[in-house]
Amino acid sequence: MVPVNRRGTQPRAGMEYFDARRKPHNIGKVVVALLFVALCIFVLKQSPGFGGNSVFSRHEPGVTHVLVTGGAGYIGSHASLRLLKDNYRVTIVDNLSRGNKGAVKVLQELFPEPGRLQFIYADLGDQKSVNKIFSENAFDAVMHFAAVAYVGESTMEPLRYYHNITSNTLLILEAMASHGVKTLIYSSTCATYGEPEKMPIIETTPQLPINPYGKAKKMAEDIILDFSKRTDMAVMILRYFNVIGSDPEGRLGEAPRPELREHGRISGACFDAALGVISGLKVKGIDYPTADGTCIRDYIDVTDLVDAHVKALNKAEPSKVGIYNVGTGRGRSVKEFVDACKQATGVDIKIEYLSRRPGDYAEVFSDPTKINSELNWTAQHTDLKESLSVAWKWQKSHPRGYGAN
């Protein structure tokens, strides 16, 4: 006779055994788990970026969201810093071909709060990427800095300059029109004037650029002006002169890529010579029709320049176009600049004099009367030695720039 197991059939090996007496306990666990999952979903939905509901993707009363193209570059990063200090929401778009990820990291560390700053790695020559950026973000204004910007290089690679400056500006305008972004602050240049017969330069001085850089910028200006006639867009075009200096608090500076040093600003070359990165400073052109034979330029401190951009943004009005020269109104020769750089660095820099650089012009400086009166802007940092001293402090503490990107 087979013995009866009064406790019921035992489970076979490898089979799961269900005990009805444990059911209430298991249901409780399931309920707790479901509540936990629901809570997680709720928290995620409230967080930036969930389901495209980022704060960057929606307009907010009292918050101005500015797209800064080229915001990882020298001028763009300083402009982003100023905007963030003034409580703007900032999106930087840069492909880092000329900019520095290190500058973006500095800004991210200074402004880590959610909804203040985002960086998007993208090429503005890619129409799909540009449209995606505009469709996923609610911009109130665009500050368009992104551009290759070396006169000498432009004479050697003209097509690159027309693509990068003119074509990319067209794509930005098309995206702005498609997505209802109504304010543009355009970073232009005094190179659009070429070599005027009369000094100083005013905004109505004929634009007759003599190099591909200036020509590409003028073409971009023309496109903007033609487009603005058929829209209610607020447009500000800032034609600025030779930029020097860096953030007075030492957070940002100028750090061109090593392979671009020969095309870069004279201040960068001067600092490289002082640091021993290069053997000396090459001054190109000593036979210009000026007092000492070297070029005359209007040197504008980057802090003043970004102040002009912010004032332009605040003054921009629908259906109106403002065009302004941004300079000190005073021309300084390259020789004067080199002497000031020697004083700022304390180094007796070796100077090598060479023939003229292709596409350069003898003398150019601004008349800032219009921007003074209409935007209430005046250059404050006009001491050449002081601006160079501030920039030199950053260069000395960052001999490798921002380091590896």
Inset, instruction - Under the side chain to side chain contact (heavy atoms under 4.5 Å, CB included) rule, what do Ile172 and Leu124 come out as? Steps first, then yes or no, please. - result: CA-CA 8 Å; Ile172 289 288; Leu124 295 177; 3.9 Å; yes

Inset, instruction - Could you walk me through whether Lys342 and Val347 pass side chain to side chain contact (heavy atoms under 4.5 Å, CB included), step by step? - result: CA-CA 5 Å; Lys342 287 181 177 181; Val347 178; over 6 Å; no

Inset, instruction - Go through the steps to decide whether Phe337 and Tyr299 satisfy the test ring pair (Phe, Tyr, Trp, His ring centres under 6.0 Å), and finish with yes or no. - result: CA-CA 9 Å; Phe337 185 95; Tyr299 295 99; 4.7 Å; yes

Inset, instruction - List the steps, then state whether side chain to side chain contact (heavy atoms under 4.5 Å, CB included) holds for Ile296 with Glu336. - result: CA-CA 9 Å; Ile296 290 177; Glu336 286 181 89; 5.9 Å; no

Legend entry - Verdict with reasoning, Glu174 to Asn131, per side chain to side chain donor-acceptor pair (under 3.5 Å): CA-CA 9 Å; Glu174 289 175 338; Asn131 283 329; over 6 Å; no

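Around atom NZ of Lys370, more than 12 heavy atoms belonging to other residues, nucleotides or ligands sit under 6.0 Å away. Other residues, nucleotides and ligands contribute over 12 non-hydrogen atoms within 6.0 Å of the CZ atom of Arg116. Within a 6.0 Å radius of CG in Asp232, other residues, nucleotides and ligands contribute more than 12 heavy atoms.
Between the side chain of Glu157 and the backbone N or O of Ser154 there is no donor-acceptor pair closer than 3.5 Å. Of the possible polar contacts, none joining the Asn100 side chain to the Ala103 backbone as a donor-acceptor pair under 3.5 Å is found. Counting only distance, with no hydrogens or angles, the side chain of Tyr186 and the backbone of Val142 share no donor-acceptor pair below 3.5 Å. In terms of modelled atom types and a separation under 3.5 Å, the side chain of Ser167 and the main chain of Asn164 share no donor-acceptor contact. A donor-acceptor contact shorter than 3.5 Å links the side chain of Asp140 to the backbone of His65. When atom types are taken as modelled, the side chain of Arg356 and the backbone of Asp287 share a donor-acceptor pair closer than 3.5 angstrom.
Using a 30° and 60° split on the angle between ring planes, His78 and Tyr74 fall in the perpendicular class, above 60°. Phe139 and Phe134 have perpendicular rings, their planes meeting at more than 60° on a 0 to 90° scale where under 30° would count as parallel.
Side chains of Leu83 and Thr64 form no contact here, defined as non-hydrogen atoms less than 4.5 Å apart. When side chains are defined from C-beta on, Ile244 does not count as touching Ile300, because their heavy atoms never get closer than 4.5 Å. Looking at heavy atoms from C-beta onward, Ile349 lies out of side-chain contact with Val338 at the 4.5 angstrom threshold. Between Ser80 and Val90 the shortest side-chain heavy-atom distance falls below 4.5 Å. At a threshold of 4.5 Å between non-hydrogen side-chain atoms, the residues Val93 and Tyr121 do not count as touching. Within the 4.5 Å cutoff, no side-chain heavy atoms of Thr345 are placed close to those of Cys270. Residues Phe241 and Val364 are in side-chain contact: their nearest non-hydrogen atoms beyond the backbone lie under 4.5 Å apart. Put simply, the side chain of Glu386 does not reach to within 4.5 Å of the side chain of Leu384, judged on heavy atoms.
Salt bridge annotation for Arg58-Glu136: absent, with no cationic side-chain nitrogen under 4.0 angstrom from a carboxylate oxygen.
Cys190 meets the disulfide bond (SG atoms under 2.5 Å apart) test with no other residue; sequence neighbours excluded. Evaluation of the side chain to side chain donor-acceptor pair (under 3.5 Å) rule for Asp272 yields Arg261 as partners, not counting sequence neighbours. Among residues two or more places apart in sequence or in another chain, the side chain to side chain donor-acceptor pair (under 3.5 Å) test is passed with Tyr324 by Glu374. Checked against side chain to side chain donor-acceptor pair (under 3.5 Å), His144 has the following partners two or more places apart in sequence or in another chain: Thr69, Thr169. His381 pairs by the ring-ring contact (aromatic ring centres under 6.0 Å, His included) definition with nothing, not counting sequence neighbours. For Cys295, the disulfide bond (SG atoms under 2.5 Å apart) test picks out no residue, with sequence neighbours left out. With sequence neighbours left out, Asn314 forms a side chain to side chain donor-acceptor pair (under 3.5 Å) with Tyr88. With sequence neighbours left out, Phe145 forms a ring-ring contact (aromatic ring centres under 6.0 Å, His included) with His309. Partners of Trp392 under the ring-ring contact (aromatic ring centres under 6.0 Å, His included) rule, at least two apart in sequence or in another chain, are Phe271.
Among pairs with a residue in residues 214-225, those fulfilling side chain to side chain donor-acceptor pair (under 3.5 Å) read Ser188-Glu221, Gln207-Glu221, Lys218-Asp222, Glu221-Arg239, at least two apart in sequence or across chains. Among residues at least two apart or in separate chains, there is no salt bridge (charged side-chain N to carboxylate O under 4.0 Å, His left out) pair with a member in residues 188-198. Screening residues 292-314 for salt bridge (charged side-chain N to carboxylate O under 4.0 Å, His left out) gives Arg82-Asp307, Arg297-Asp360, Asp307-Lys311 as the qualifying pairs, with residues at least two apart or on separate chains.
Side-chain contact annotation: Glu153 with Tyr161, donor-acceptor N/O pair under 3.5 Å present. A donor-acceptor contact closer than 3.5 angstrom links the side chains of Ser187 and Tyr240. With no hydrogens or angles considered, no side-chain donor-acceptor pair links His163 and Asn168 at under 3.5 Å.
The minimum heavy-atom distance between Gly327 and Ser366, with the atom names listed, is CA-OG, 3.4 Å. Taking both residues in full, the closest heavy atoms of Thr91 and Phe56 are given as OG1-CD2, 3.7 Å, listed atom of the first, atom of the second, then distance. Asp247 and Val390 get closest at one heavy-atom pair: O-CG1, 3.9 Å. Residues Gly329 and Pro368 share a closest heavy-atom pair of CA-CD, 3.8 Å. The minimum heavy-atom distance linking Val130 with Ala175 is given by the pair CG1-CB, 3.6 Å. Between Leu252 and Ser77, the shortest heavy-atom distance links the atoms CD1-O, 3.5 Å.
Taking CG of Leu117 as the start and CZ of Arg89 as the end, the distance is 11.0 Å to the nearest 0.5 Å. Distance check, rounded to the nearest 0.5 Å: OH of Tyr361 to OH of Tyr288 gives 10.0 Å. Rounded to the nearest 0.5 angstrom, Met143 CE and Ile92 CD1 are separated by 12.0 Å. Once rounded to the nearest 0.5 Å, the distance linking CG of Leu184 with CG of Leu313 reads 10.5 Å. Remark: Leu96 CG to Phe119 CZ distance equals 4.0 Å, nearest 0.5 Å. Atoms CH2 and CG, on Trp377 and Leu238 in that order, are 9.5 Å from each other to the nearest 0.5 Å.
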